[in-house]
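Structure, as structure tokens:
The first residue in the sequence is number 1, and the count goes up from there. The model shown is predicted, which means the values in this text are computed figures rather than measured ones.
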Amino acid sequence: MGSYVFGFQDIDKTKRMVVGGKGANLGELAKIEGISVPDGFCISTEAFKRIIGETAALDGLLGQLSFLKAADRDKIAELSGEIRRAIEEAAIPEDMAEEITRFLTGLGEKEAYAVRSSATAEDLAAASFAGQQDTYLNVIGRAAVLRHIRKCWASLFTERAVTYRLQNGFDSRKIRLSVVVQKMVFPQAAGILFTADPVTFNRKVLSIDAGFGLGEALVSGLVNADLYKVRNGQVIAKKTAAKKLAVYARKDGGTKAQEVEPRRQNRQVLTDERILRLERLGRRIEAHFGRPQDIEWCLADDTFYIVQSRPITTLYPTPEAHDQENHVYVSVGHQQMMTDAMKPLGLSFFLLTTRAPMHKAGGRLFVDVTHMLASPDSREILLNTMGQHDPLMKDALTVLIERGDFIKILPDDRKELNSDKNNKGMLSPDFRAQIENNPAIVSDLVKRSQTSIAELKQNIRTKSGPDLFDFILEDIQELRRILFDPQSSRVFMAAMDASLWINEKMNKWLGEKNAADTLSQSVPNNITSEMGLALLDVADVIRPYPEVIDYLRHVKGDNFLDELDKFDGGRETRDAIHAYLNKYGMRCSGEIDMTKPRWSEKPAALVPMILSDIKNFEPKAGRRKFEQGRRAALQKEQALLDRLKQLPDGERKAEETKRMIDLIRNFIGYREYPKYGMVHRYFIYKQALLKEAEQLVQAGVIREKEDIYYLTFSELREVVCTNQLDDQIIGQRKDEYTLYEKLTPPRVITSDGEVIAGAYKRENLPTDAIAGLPVSAGVIEGRARVILNMEDADLEDGDILVTSFTDPSWTPLFVSIKGLVTEVGGLMTHGAVIAREYGLPAVVGVENATKLINDGQRIRVNGTEGYVEVL
């Protein structure tokens, strides 16, 4: 055996860097008992490396390619074309050609072959690279095979392949290409088999596409395919397509498209017996590779041949269940308004904090709600709660319930219900009565939290090593006590219930929708909305100093505060920013993940927002905005009460409405405080743990402080105690996190891996309107600013913010906008609460809003009816 060519029998998964993803998988497939793989061999990546190294023009061209971005289409086209020509014209060295010829002779030089590319960066769990390099079918003769090997090498540099690599962060100079040469099979049928449903992602449903002739026709989209779905040895769905064309091999080489005889066009390609046989082969292959597979197959002489298998990269990981029962999981991220992947340390802190039965999957957290769905009464409470958090989540759960095939229904068990609530999930009148005459309760709760945090700051300073971890675990119990204090939750639940009551009754009695939205403006004690207005005050301090403003426009690093003293107004600016950070510096985008950099750690994140406030507002705008909102709320209150008094039984209705309005005004602001307290404690824990990380860096246990983010809390404790860590763990966790970042988490997923999607059932929407959930009343038109990262925000007064989700850190942007559209959210999630308080029309839960709406387009947001129009 030479150094450039390997037969399938000599290849396994350890040879990926030698024969690429496709080649390695074919070697593995050939070893599975009962799986037929057409014989063949691989030309190694060393051969490719030699060709590249011996072709003089390529080094400079590849260097130029490495500086391009995916958007540089013209330059990519030019350079990739030059590189391909150079490779196709290069001569294959004699010793390499002889080795290839020897293998060809062994298999039959006059046989027909498929010549296919196999890159080292393909068929990966994170990125399939499917279809990025070329395949040539029915290649006959030594000269043709050698020519097509060069064409395969060159296909690594097609425009689409280069662009794909640039988009996914792969360096073209580091990728190597192997070539698979495999005996052709001339099938009567071929297709693709997915061992998990590619539409619903259900791992127990296997999906088969099938067509006549070669599979190339299906892969290229030339023809429609039959679709079969199989579950546990039963064909559960069949869709027979009209197959007018098929691709067949020519006698003299190459392929041709040919019309299928009319009598066969609507015939089922595979019999049920063959469908089930193929299912069994697919499950065997899946078991060998240990994950769901995308398999290319062909059928010849009643034998199924497998010509490729690769992992399905689009599946979201399924939360682990420790039994064989059915489970239903809902996304925590969609409720917390942070759907990004979290690092292990952040995940473990949230798990230590919560009481819910949570499970990890894909770097996110999910709650198992199976038991609640099984009981009719707890199910009603869950659906009502989900309806407030995220209506699409509620609809997805409703779809699953109505299907009736997944959840076992238990007898009613009302003892499990929270006695504080009625069967609609609202607080009972008795509990509302206990708190509604005592607005000072909010001040007491806030003071208790502040005192507790001050004690934590004082006491944690003396802790280190194992004692620090014991101390943090003990303090988390204090955090849980504060977060889940029944008195605390009753306060904001009373306000939320009052909002629902107001909206329902005012619509019924006065025909007015969403009246509570205006009543919620400029309420006291909202730590998050105050944060946005406080940044306007910082802007007021800086506004008189043009030198400082110019300096801030050019800030790049996070040490800019140290340089401010050299400017007129620099000390005042620094003091104002420091004061802001002392109160709000523990916040940041994605703040439930304690590993995310806080504003105190990266204060430069605030600079664009400060500059935007200076540009868009006059002095004292914060106070004016708050007062305008307060007046609007009081005017709305008076108008409602006056109109109610004109109705039959109006005095009673007005009196009851007044009580509900007082609940909203006194208590809805506290809705944001518990999370502020939690994030504040997280930051204190983080600062203490980073000091421990410095010791680990000095001891050579880890390379940089931030490596601790890739360990769980218990793992980090062990490392601190032993000063030892497996070198590979951090690297593996970083690779996992990179993969998880690319995944889109589902709102609802089952233990079968099935993703259940919800939908808005709405009528009478304007043509082409994009439906969402109305959460803050009003209609506004303006320029859409599609912003995915808060740091990239460049807003003008009057813009409409369109984004995936907002958490409290986005609040300073809200002062500059006139409307809000998000992909995630519900009636009581952060963005909705702050939008109402600021009086911004808002629509949330708008699926794919950041893709359907382009940055700069003029749009209309109807926050009363719940839709967006692109104008």
Side-chain angles (χ1 to χ4, degrees), residues 17 20-22 43 45-92 115-124 126-136 147-179 219-221 310 313-314 554 556 608 735 738-739 741-742 784-789 791-794 848 850-857:
M17 298 311 293
K22 190 181 287 102
I43 295 98
T45 55
E46 281 300 311
F48 174 81
K49 184 179 177 182
R50 179 175 170 185
I51 291 293
I52 296 296
E54 293 180 0
T55 306
L58 288 177
D59 189 51
L61 293 171
L62 289 172
Q64 292 179 56
L65 202 62
S66 67
F67 289 106
L68 298 183
K69 295 187 172 70
D72 300 327
R73 296 179 183 176
D74 292 342
K75 194 63 178 172
I76 289 171
E78 178 189 335
L79 283 174
S80 64
E82 290 184 47
I83 293 170
R84 289 198 307 276
R85 281 191 295 275
I87 294 173
E88 288 186 33
E89 292 168 3
I92 295 179
V115 183
R116 315 168 79 188
S117 308
S118 177
T120 51
E122 73 172 7
D123 296 349
L124 304 174
S128 75
F129 284 73
Q132 294 306 313
Q133 283 74 243
D134 288 345
T135 291
Y136 302 96
R147 184 171 69 254
H148 284 89
I149 288 170
R150 289 198 301 270
K151 290 172 76 72
C152 277
W153 284 334
S155 74
L156 187 65
F157 299 98
T158 61
E159 290 175 48
R160 71 175 183 273
V162 170
T163 302
Y164 186 89
R165 289 195 295 272
L166 289 170
Q167 287 171 335
N168 286 275
F170 288 88
D171 187 341
S172 289
R173 292 174 298 182
K174 295 181 180 178
I175 292 175
R176 300 285 179 260
L177 193 76
S178 168
V179 177
V219 175
S220 63
R310 56 177 167 251
T313 60
T314 55
H554 299 92
K556 287 188 171 60
D735 289 343
T738 300
L739 167 60
E741 279 186 303
K742 297 177 181 177
R785 293 311 316 269
V786 180
I787 297 170
L788 300 181
N789 296 304
E791 293 79 7
D792 299 332
D794 181 15
N848 297 312
T850 59
K851 298 180 179 70
L852 296 172
I853 300 168
N854 295 325
D855 186 57
Q857 282 184 320

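- Taking the charged nitrogens against the carboxylate oxygens, Glu88 and Arg84 have no contact shorter than 4.0 Å, which rules out a salt bridge.
- One N or O on the side chain of Thr45 and one on the backbone of Met17 form a donor-acceptor pair closer than 3.5 Å.
- Note that the CD atom of Glu159 and the CG atom of Leu79 stand 10.5 Å from one another [nearest 0.5 Å].
- Nearest heavy atoms, Leu177 versus Phe48: O-CB, 3.1 Å.
- Side-chain contact between Ile76 and Leu166: present, with at least one pair of heavy atoms (C-beta onward) separated by less than 4.5 Å.
- Under a 3.5 Å cut-off, the side chain of Ser178 and the backbone N or O of Ile43 do form a donor-acceptor pair.
- Residue Asp855 holds its CG atom at 9.5 Å from CG of Leu788, rounded to the nearest 0.5 Å.
- A donor-acceptor pair under 3.5 Å links the side-chain atoms of Ser80 to the main chain of Ala77, judged by distance alone.
- To the nearest 0.5 Å, atoms CD1 (Ile52) and CZ (Arg176) are separated by 8.0 Å.
- A distance of 7.5 Å separates CZ of Arg160 from OG of Ser155, quoted to the nearest 0.5 Å.
- For Thr163, there are no side-chain hydrogen bond (donor to acceptor under 3.5 Å, both in side chains) partners two or more places apart in sequence or in a different chain.
- Between Leu156 and Arg165, the closest side-chain pair of non-hydrogen atoms falls below 4.5 Å.
- For the pair Arg85 and Phe157, the NZ or CZ position fails the cation-pi test of under 6.0 Å to the six-membered ring centre and within 45 degrees of the ring normal.
- Ala91 approaches Ile51 most closely through the heavy-atom pair O-CD1, 3.9 Å.
- Asn848 CG: more than 12 foreign heavy atoms inside a 6.0 Å radius.
- In this structure, CG on Leu739 lies 9.0 Å from OG1 on Thr313, to the nearest 0.5 angstrom.
- The CD1 atom of Ile83 sits 5.0 Å away from atom CG of Leu65, with the distance rounded to the nearest 0.5 Å.
- The nearest pair of heavy atoms linking Asp794 to Ile787 is N-CD1, 4.5 Å.
- Using a 4.5 Å heavy-atom cutoff, the side chains of Ile87 and Leu58 are in contact.
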